[in-house]
Amino acid sequence: MASELQPPRGTHDLIGEDQRRHQHVIDTARQIAATYGFDEWATPIFEDTRVFSRTLGETSDVVTKEMYSFQDRGGDAITLRPEATAGICRALVTNGLTQSLPQKVFCAGPMFRYERPQKGRYRQFHQIDVELIGSAEPLGDAEVIACGWDILQALGVAGETVLEINTLGDKESRADYRAALVGYFSRHRSDLSEDSLARLERNPLRILDSKDEGDRRIVANAPTIAGFLTEPAAAFYARLRTHLDRFGVPYRENPRIVRGLDYYGHTAFEFVTTKLGAQGTVMGGGRYDGLVEEMGGPPTPAVGWAAGIERLAMLLAAPPPAPKPVAVVPVGEAAEATALDILQVLRRAGIRAEMAYRGNLRRRMERANRIGARAAVVIGDDDIAQGVAQVKNLATGEQEAVALAELAGRLR
Ligand code: ATP
Ligand code: MG
């Protein structure tokens, strides 16, 4: 009897193996990011709409088509966060942290975009996110990328991904490049998609990122930024590559990587895979030196990335194994009190231990097998009298009497 209440389109429940995969990605990322000195922040999942509309760029897909925006009961314009960076920069400014730089931030949580749901693309999805705010050095970009690479390695998915890097240059390089792109795309105006025609005036770089097949054919022959880089911008990019080599992070240069959001300059990068069909980008980021200022703070250099947890979770070769508890099994009512003592001793020793809420010996043993218990601690009146419990290895069937005081040590 299925209920007529279904989850909203593009959302999913995380239960069992799905949740274990998901949590494994977060735990691994959190731990590796900590070794790089990133501290975890948690910012609200909804913000004043302007936090995103002002900063992500008025021609970005996210702002034009994907935001979950609404007016709350007090009449405030609210948006469910479509990404983490803008909220983190807002928090940096609100909390006066622009005076204590650099800040190295890790965060993980749900994001919301009104997209057409498909494999690897949802309306509520989750990201891990790393931001280094306050360093203008290419070493910062390299460190942030190396951290991402280490996370992919620790997850065992690095072999499935390729790092593609590009530079968007400084403002001057981009202005010259922009003019060249407008010239080129204007000559192909009649073949461009409607979206790209709109981008042509406001942000022609974004056309390079188009997913439209027709656009992509035109983009293939578009000029690249290499010929327009100022000397300092070229030097910045060269130093990034030297640092990546030093960190041992393999990469491929791809002049088409521009990233979807407006606030990027210099470094842009993506970790891509061929294993997830059209949703091939697992991690993407770059340098966004203008964002904190747009949020009302002082000019502040910054670089970071975000990765989709669902896409990473799908790439994990072996799902994290289901936990194997210890089942405590009292034989007869009188033994239940002692069994409860044992249960708590095991739990306080850090052992996952469970006792069925009712049932005879047979029922309780059946349940122990059903929950995948690795061992059963069976205890009856005779055992209590002798100060022992019977520990049964449920994989091998072997059983032995163990002194109550030694149980936790034996089962750990
Ligand atoms: P795409 O090109 O796939 O739309 P994007 O450029 O919009 O990605 P970002 O805004 O850079 O993505 O977000 C970083 C990462 O978050 C992506 O690389 C992807 O792994 C993940 N991601 C983005 N949108 C979704 C979504 N709707 N569902 C699941 N994961 C997503
Ligand atoms: Mg997108």
Side-chain angles (χ1 to χ4, degrees), residues 7-12 14 18 21-22 25-26 29 52 55-57 59-68 79-88 106-131 144-145 148-149 151-152 155 157 160-166 168 195 199 203 205-212 215-216 219 254 256-264 267-288 291 303-316:
R9 199 164 128 75
T11 68
H12 50 232
L14 290 170
D18 290 338
R21 284 175 178 265
H22 193 93
V25 172
I26 297 176
F52 308 110
T55 56
L56 304 192
T59 59
S60 68
D61 280 352
V62 171
V63 169
T64 52
K65 297 187 276 203
E66 298 174 359
M67 292 211 302
Y68 272 93
T79 294
L80 300 184
R81 65 181 184 191
E83 56 105 56
T85 312
I88 287 170
F106 169 79
C107 97
M111 306 295 157
F112 306 85
R113 295 184 193 179
Y114 192 80
E115 301 210 63
R116 194 168 67 78
Q118 50 200 295
K119 184 187 170 203
R121 190 175 295 285
Y122 312 98
R123 291 182 174 176
Q124 175 173 338
F125 62 102
H126 300 76
Q127 285 182 338
I128 48 174
D129 187 276
V130 153
E131 312 290 348
V144 156
I145 294 172
W149 169 249
I151 291 170
L152 298 179
L155 290 171
V157 306
E160 325 267 16
T161 65
V162 173
L163 167 62
E164 301 194 329
I165 63 169
N166 187 25
L168 306 175
D195 280 349
R199 294 170 181 135
N203 192 347
L205 257 80
R206 167 109 356 93
I207 300 175
L208 299 177
D209 198 31
S210 172
K211 296 193 175 75
D212 180 271
D215 287 350
R216 278 182 181 282
V219 164
N254 178 352
R256 306 289 171 217
I257 303 263
V258 292
R259 310 290 309 133
L261 309 178
D262 262 359
Y263 48 59
Y264 288 100
T267 311
F269 63 92
E270 291 183 349
F271 284 90
V272 295
T273 180
T274 52
K275 295 275 159 76
L276 296 177
Q279 274 55 254
T281 308
V282 293
M283 180 183 287
R287 176 162 284 281
Y288 55 94
L291 181 58
V303 55
W305 54 252
I309 297 178
E310 284 82 358
R311 293 185 194 177
L312 290 171
M314 280 190 280
L315 285 180
L316 293 181

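Order of appearance sets the numbers: ligands from 1, and atoms from 1 within every ligand.
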Sub-4.5 Å side-chain heavy-atom contact between L168 and N166: yes

Main-chain N/O of L276 paired to R311 side chain as donor or acceptor, under 3.5 Å: no

Distance filter under 4.0 Å to V282 heavy atoms, resulting ligand 1 atoms: 18 (O), 20 (O)

Element-labelled atoms of ligand 1 that are located less than 4.0 Å from some non-hydrogen atom of R113: 5 (P), 7 (O), 9 (P), 10 (O), 12 (O), 13 (O), 23 (C), 24 (N)

F112 side chain near T79 side chain, heavy-atom distance below 4.5 Å: no

Heavy atoms from other residues, nucleotides or ligands near OH of Y68 exceed 12 (cutoff 6.0 Å): yes

Q127 neighbourhood, listing ligand 1 atoms whose heavy-atom distance to it stays under 4.0 Å: 13 (O), 14 (C), 15 (C), 16 (O)

A306, any N or O under 3.5 Å of ligand 1 N or O: no

Donor-acceptor contact present, side-chain E164 to main-chain V162, <3.5 Å: no

Per atom 4 (O) of ligand 1, closest listed option by heavy atom (H126, E310, R121): R121

Heavy-atom gap Q279 to ligand 1 smaller than 4.0 Å: no

contact_flag E83 ligand 1 heavy-atom lt 4.0 Å: no

Qualifying residues under side chain to side chain donor-acceptor pair (under 3.5 Å), relative to R121, sequence neighbours excluded: E115, Q279

Residues which pass side chain to side chain donor-acceptor pair (under 3.5 Å) with T267, listed by chain and number, not counting sequence neighbours: D141

L163/W149 under side-chain contact (heavy atoms from CB on, under 4.5 Å): CA gap, chis, key distance, verdict: CA-CA 8 Å; L163 167 62; W149 169 249; 5.7 Å; no

Residue-ligand contact R311/ligand 1, heavy atom below 4.0 Å: yes

Winner among A278, G120, A84 once heavy atoms are compared against atom 29 (C) of ligand 1: G120

Interfacing atoms of ligand 1 (cut-off 4.0 Å, heavy-atom, E115): 24 (N), 25 (C), 26 (C), 27 (N)

Option nearest atom 30 (N) of ligand 1 (shortest heavy-atom distance, choices W305, F125, F271): F125

Distance filter under 4.0 Å to K211 heavy atoms, resulting ligand 1 atoms: 1 (P), 2 (O), 4 (O)

